[in-house]
Amino acid sequence: MIALFKIFGAGMLISFLGSLPLGTLNISAMQIAVQENTRRALAFAAGVALVEIIYVRLSLKGVDWIMSNQRIFYILEWVTVVLFLVLGISSIRAAMAAPGERMNILLDNKMNRFFLGLSMSAVNPVQIPFWFLWSSYLFSIHLLQSTTLAFNVYTLGIGIGTVTGLLLFIYGGKWLVRRMNAGQKFLNILVGIVFLLSAGIQCYRVVTKPQMEIRSAR
């Protein structure tokens, strides 16, 4: 039982700390909370967490398939670059428009926020190698055992850690924006910058990916 508590805590802590650096998902959750409402932001966070749990299970159970299908993830990484560029440019354009004229494309749609969280998290395959490395480390120190129960407890901790990290941005970010009396223009600029920086970082990662690894996946 103590071992299960330890692996639950490890998964939750790693996931929580991984959610804290400013990124596209947490800043989007904050924007939805500020410009729409908390309930929709929580639905978005649930969608993000669900995909992360699925990716964790893939990294635990399907390592051989993942390693033999790197080409799929290479393509998804380029899709992520394009998506981040579109969202970043849209946010900047929305900030430059006249007040009340237009919204960020992220919010200017009728997609259910749970499915928006699912889709935005799904096109971020970098989560798989992230959790593969952490899980390998936990296996190496014998904290994570190769049993269904241990995997379930581990992924449950990860899901709770992800949602908890996003809650800081949903509630804390909403409080901070209102405290600063920041308007929609400021928030759109902030979101746009984060998306454009993320696109640049992701593009650099894809371009510098070892070509041998890409060719071997064909």
Atom pair OG (S135) and CD1 (I7), whose distance is rounded to the nearest 0.5 Å: 8.0 Å
Atom pair CE (M30) and CD (Q35), whose distance is rounded to the nearest 0.5 Å: 9.0 Å
Where R113 and R40 come nearest, the two heavy atoms and their spacing: CB-O, 3.4 Å
Remaining members of the apolar cluster that contains L167, side-chain heavy atoms under 4.5 Å: L42, V163, I170, Y171
Set of residues satisfying side chain to side chain donor-acceptor pair (under 3.5 Å) with respect to T38, sequence neighbours excluded: K174
Which atom of S28 lies closest to which atom of F44, heavy atoms considered: CB-CZ, 3.8 Å
Non-hydrogen atoms of M111 and S119 that approach each other most closely: SD-OG, 4.2 Å
Distance, nearest 0.5 Å, that separates CZ of F5 from CE of M12: 11.0 Å
Min side-chain heavy-atom separation R39-I32 under 4.5 Å: no
Given I54, V48, L50, the one that forms side chain to side chain contact (heavy atoms under 4.5 Å, CB included) with L118: L50
Separation between OG1 of T155 and CD of E52, rounded to the nearest 0.5 Å: 11.0 Å
Verdict with supporting geometry, I14 and W131, side chain to side chain contact (heavy atoms under 4.5 Å, CB included): CA-CA 9 Å; I14 295 168; W131 284 112; 3.5 Å; yes
Heavy-atom pair with the smallest gap, counting every atom of L166 and N26: CD2-CA, 3.6 Å
Shortest non-hydrogen contact between A49 and G159, atoms and distance: CB-O, 4.0 Å
Side-chain touch F151/V56, heavy atoms, less than 4.5 angstrom: no
Euclidean distance, I158 CD1 relative to F8 CZ, rounded to 0.5 Å: 10.5 Å
Taking every non-hydrogen atom, the tightest pair across A41 and A29: CB-O, 3.6 Å
Listed once per pair and sorted, the side-chain hydrogen bond (donor to acceptor under 3.5 Å, both in side chains) pairs that draw on residues 5-22, sequence neighbours left out: S15-T162
Distance in Å, I53 CD1 paired with Y154 OH, rounded so as to fall on 0.5 Å steps: 12.0 Å
Side-chain donor/acceptor of S121 to backbone N/O of G117, under 3.5 Å: no
